[in-house]
Amino acid sequence: MHLPQHSTYRVPTNRPPLLAELRSKLASVGDHVRAVPEQGDPTEYEVIADALYQAFVVARNLSPSRDSTNCRYHPKGPVDPEAPEGWGQCLLCNTHRRAGNAGARSGAPRALVQYDVPPPPYTHEGLINRLRSLNDAVFELHLRSSDEEFATTADLLHAAFVIARELSRPRSASGCTRHPGAPTDPAAAGGPRCLFCAADDLRRQRAAAPRRVPPPAQVRRNGSHTPW
C-alpha cells in the first residue's frame, strides 16, 4: 500500500466514519451470498441487492464525484442528448446558447463517466467472484488511499449490486440468462423463447433485409405521370 509522503496531506474529514461504515455493511454480505444455493429463489437475492446498494452509496461518497456534464456551473445538471458538435454536455448552458446568449459556455464535450455495469449473463458464481475482488480491494483501503482506489471500490460495488439486482428479478420459463425476468414468446421461431431476445432477432433481420426500390413512374403521352 502506497502512503502519500507529503507532510501537508490531510485525511478528509468524512473518510474515517465512511470507511468504517463501508466495512461494517460488507461484513455479512459475503456470508449471505454463500448461504444462497446456486439456483436460489430470486427473493433470496433481494436482501443482498439492498445491502449492496447501501454499501455502494457509502463507497460513492468516499470516491471522487463523477459529474455527467463537465460544466463548472451545472456539474450535476441534465445532459443535452442532442449537443451540437463542439459544444459541451450541459443542457442548461446549451439552452442559453441556442437562445442567442453568446456568453453561455459549458465544458468541453467528453464521454459520460458512469459506474461499472457488467455484461450478462448474471450468475451466482459471477456474483461470488465479484465479491471476492471487492473484498480484496476493501482490505487494501486505508485512510490515505488514493482517489483511484476508492473509485475502483465504488465500481466493484456497483457491479456486484447490478448482478444481485438481476438475480432478484422473477424468472420466466424461457430460461434466458440475459433477461431472467422476461416473458416468453410462444409463437417464436424454433419454439417458445425469451420475448426480448426474439424481438432483437426480428429487428436485426428486418435491418439486414434488402429494401424494395419502387419502379420509376410511367410517362403518358400527355405528359402526366402514373405509377406502374
Side-chain angles (χ1 to χ4, degrees), residues 33 36-46 48-50 52-53 56 66-70 77-91 94-95 98 108-134 154-220 224-228:
V33 173
V36 176
E38 187 171 354
Q39 300 297 329
D41 189 86
T43 57
E44 298 183 87
Y45 290 98
E46 292 180 356
I48 297 173
D50 290 342
L52 286 172
Y53 184 77
F56 164 69
R66 302 189 186 186
D67 59 69
S68 58
T69 61
N70 197 29
V79 176
D80 187 351
E82 300 180 355
E85 183 177 357
W87 289 26
Q89 300 284 353
C90 179
L91 177 62
N94 289 348
T95 300
R98 290 186 176 97
R110 68 172 187 178
L112 299 183
V113 179
Q114 299 177 341
Y115 293 97
D116 183 35
V117 177
Y122 303 112
T123 63
H124 182 81
E125 182 181 1
L127 178 58
I128 291 180
N129 291 335
R130 190 70 62 162
L131 287 176
R132 187 177 295 115
S133 300
L134 174 62
D155 275 324
L156 289 170
L157 253 171
H158 187 266
F161 158 69
V162 169
I163 296 175
R165 180 191 61 188
E166 294 304 314
L167 289 173
S168 70
R169 298 186 188 278
R171 299 170 193 167
S172 67
S174 66
C176 180
T177 56
R178 293 182 58 199
H179 314 101
T184 301
D185 182 2
R193 57 181 300 207
C194 170
L195 178 64
F196 296 157
C197 289
D200 288 341
D201 290 345
L202 183 60
R203 280 193 292 267
R204 283 193 291 268
Q205 292 172 6
R206 288 177 176 175
R211 295 184 179 181
R212 180 178 177 275
V213 179
Q218 184 180 18
V219 181
R220 292 181 176 177
S224 61
H225 292 71
T226 181
W228 289 92

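Start at 1 with the first residue, then count along the sequence. Every heavy atom of this structure was used, including side-chain atoms; hydrogens, water molecules and symmetry mates were not.
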Would you say that Glu166 contacts Pro120 through its side chain, given a criterion of any heavy-atom pair below 4.5 Å between the two side chains? no
Compare all side-chain heavy atoms of Cys194 with those of Asp185 and state whether any distance is below 4.5 angstrom. no
Using every non-hydrogen atom in the two residues, find where Asp80 and Asn94 come nearest and quote the distance to one decimal. OD2-ND2, 3.0 Å
Minimum heavy-atom separation for Ala160 and Leu127, please, with both atom names. O-CD1, 3.5 Å
Partner set under side chain to side chain donor-acceptor pair (under 3.5 Å) for His124, not counting sequence neighbours: Tyr45
Do Ile48 and Leu52 have side chains that get closer than 4.5 Å, going by heavy atoms? yes
Any ion pair linking Arg165 and Asp50 (charged N to carboxylate O, less than 4.0 Å)? no
Verdict with supporting geometry, Arg206 and Asp201, side-chain contact (heavy atoms from CB on, under 4.5 Å): CA-CA 9 Å; Arg206 288 177 176 175; Asp201 290 345; over 6 Å; no
Is there a side-chain contact (heavy atoms from CB on, under 4.5 Å) between Tyr122 and Val162? Walk through the geometry before answering. CA-CA 9 Å; Tyr122 303 112; Val162 169; 4.3 Å; yes
Could you tell me if the side chain of Thr184 sits less than 4.5 Å from the side chain of Leu195, heavy atoms only? no
Centroid separation Phe161 to Tyr53 less than 6.0 Å: yes
Heavy-atom check, side chain of His158 versus side chain of Asp155, under 4.5 Å: no
Which atom of Glu82 lies closest to which atom of Arg98, heavy atoms considered: O-NH2, 3.1 Å
Basic-acidic side-chain contact under 4.0 Å: Asp116, Arg130: yes
For residues Glu44 and Pro37, determine if any side-chain heavy atom of one lies less than 4.5 Å from a side-chain heavy atom of the other. yes
Testing the basics here: between Pro118 and Ile163, what is the closest heavy-atom pair and its distance to 0.1 Å? CG-CG1, 3.8 Å
